[in-house]
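As a basis for the values below, the full set of heavy atoms in this structure was taken, side chains included, without hydrogen atoms, waters or symmetry mates.
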Amino acid sequence: MKYSIHETRENKLYKHGIQVFSMLEYHGARKWLAETYGYGDSIDQDVDVNYNKHWSFYMKFNHYMLYVKGDEELSWFKIKFGEEV
């Protein structure tokens, strides 16, 4: 899977942002995160995310982002999907 990792700046819940470059791979990663941590919230609104503290997602035309809480969740993501490209 092709993705890149970014540290989030103004986000108290999630330390890492993961940009996935393919919509099909993005949906596969969302499915895996839901199976691993439970369903996540979309953070496309300016409201607090209360449903799942481990991960969340954002999708807008050709922009596919996943957010994970910390280093542990990111490590499991890398084990599953390989290193970033």
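- For the pair H54/T36, no side-chain contact is recorded, criterion being any heavy-atom separation below 4.5 Å from C-beta on.
- The two atoms that bring F77 and A29 nearest to each other are CE1-CB, 4.0 Å, heavy atoms only.
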Show the numbers, then the answer: is there a side chain to side chain contact (heavy atoms under 4.5 Å, CB included) between S4 and F21?
CA-CA 8 Å; S4 65; F21 299 112; 3.6 Å; yes
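- Note: H63 and Y58 have perpendicular aromatic rings, judged against thresholds of 30 and 60 degrees for the angle between ring planes.
- Linking Ile, Leu, Val, Met, Phe, Trp and Tyr residues whenever their side-chain heavy atoms come within less than 4.5 Å places Y3 and M23 in a single cluster.
- Annotation: Y39, atom OH; neighbour count of heavy atoms from other residues, nucleotides and ligands within 6.0 Å does not exceed 12.
- Distance NZ/K15 to CD/E7: 5.5 Å, rounded to 0.5 Å.
- Taking NZ of K2 as the reference point, atom CD of E25 lies at 8.5 Å (rounded to 0.5 Å).
- In this structure, D41 contributes its side chain and I43 its backbone to no donor-acceptor pair below 3.5 Å.
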Evaluation steps, side chain to side chain contact (heavy atoms under 4.5 Å, CB included), between W55 and R30:
CA-CA 9 Å; W55 77 283; R30 276 183 53 189; 4.0 Å; yes
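- In this structure, W32 has its ring center closer than 6.0 angstrom to the ring center of F81.
- At distances below 3.5 Å, not a single donor-acceptor pair connects side-chain atoms of Y14 with backbone N or O atoms of L66.
- The backbone N or O of V68 sits nowhere less than 3.5 Å from a side-chain atom of E73 that would complete a donor-acceptor pair.
- Annotation: I79, atom CD1; neighbour count of heavy atoms from other residues, nucleotides and ligands within 6.0 Å is above 12.
- The two residues T8 and H16 have their closest heavy-atom pair at CG2-C, 3.9 Å.
- Between M65 and Y26, the shortest heavy-atom contact is O-CE1, 3.5 Å.
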